[in-house]
Amino acid sequence: DAGVIQSPRHEVTEMGQEVTLRCKPISGHNSLFWYRQTMMRGLELLIYFNNNVPIDDSGMPEDRFSAKMPNASFSTLKIQPSEPRDSAVYFCASSLTSGRSNEQFFGPGTRLTVL
Amino acid sequence: AQSVTQPDIHITVSEGASLELRCNYSYGATPYLFWYVQSPGQGLQLLLKYFSGDTLVQGIKGFEAEFKRSQSSFNLRKPSVHWSDAAEYFCAVGSTGGGNKLTFGTGTQLKVEL
């Protein structure tokens, strides 16, 4: 079975540019999570969706970050404009949940470098 | 609010030695508990999980963990470490009612000496 798919795997961009990260969750999963991982701050939950609806976006750093989930098989995380401090590895994870936590399956991540 | 503490940032063990990684959680009810492993350049992979029942949980790659309610702990163990076990290990706690997110610890970096 295909796991969580993320694209691109690596992204290098210049400050001020728009960046879009993409995620395809595991088929049948109803929850999707976006994380950011840095050396300084570790693993941070940015936002998560349940049944395509954003449930908790309290981890989104600021208005430059936005996330969408137009359907059950696709989500995007957009940064506009990007800044060097956004450089990190961004993970998408999905799970099958029913009102309680369940194991999350992680994608391979997108390593973002903003110059 | 739930929280997870992994008190050891780095641990070094010799290959073949036993391993124990510590995890303490804070949660008002019986928690759901998880251990994940992250190899360099990779995403997180689930090692094992505890939902209920037997407090000693077996996972992949020869790992096990024991849930101790009295100590609010869920320590990860392996009797004999292999060089390929060098990675970062994350403990996480989940909600048993309402809310789907997991709260992760800060991770423990394991180094294995040959």
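Below, all heavy atoms of this structure are taken into account, side chains as well, without hydrogens, waters or symmetry copies. In the text below, chain A, chain B and the rest are named by the order of the sequence lines, each starting its count at 1.
- For chain A, the nearby parts of B/L44 are the backbone and the side chain; heavy atoms of each come within less than 4.5 Å.
- A side-chain N or O of A/Q104 and one of A/Y35 form a donor-acceptor pair less than 3.5 Å apart.
- Remark: the B/T55 side chain and the B/E66 side chain contain no N/O donor-acceptor pair separated by less than 3.5 Å.
- Heavy atoms closer than 4.5 Å to chain B are found nowhere in A/I55, neither backbone nor side chain.
- Neither the backbone nor the side chain of B/Q45 comes within contact range of chain A; no heavy atoms are under 4.5 Å apart.
- Of the possible polar contacts, one joining the A/T38 side chain to the A/R41 backbone as a donor-acceptor pair under 3.5 Å is found.
- The part of A/Q37 that comes within reach of chain B is its side chain, from C-beta onward, which places non-hydrogen atoms under 4.5 angstrom from that chain.
- Side-chain polar atoms of A/N102 and A/S95 form no donor-acceptor pair below 3.5 angstrom.
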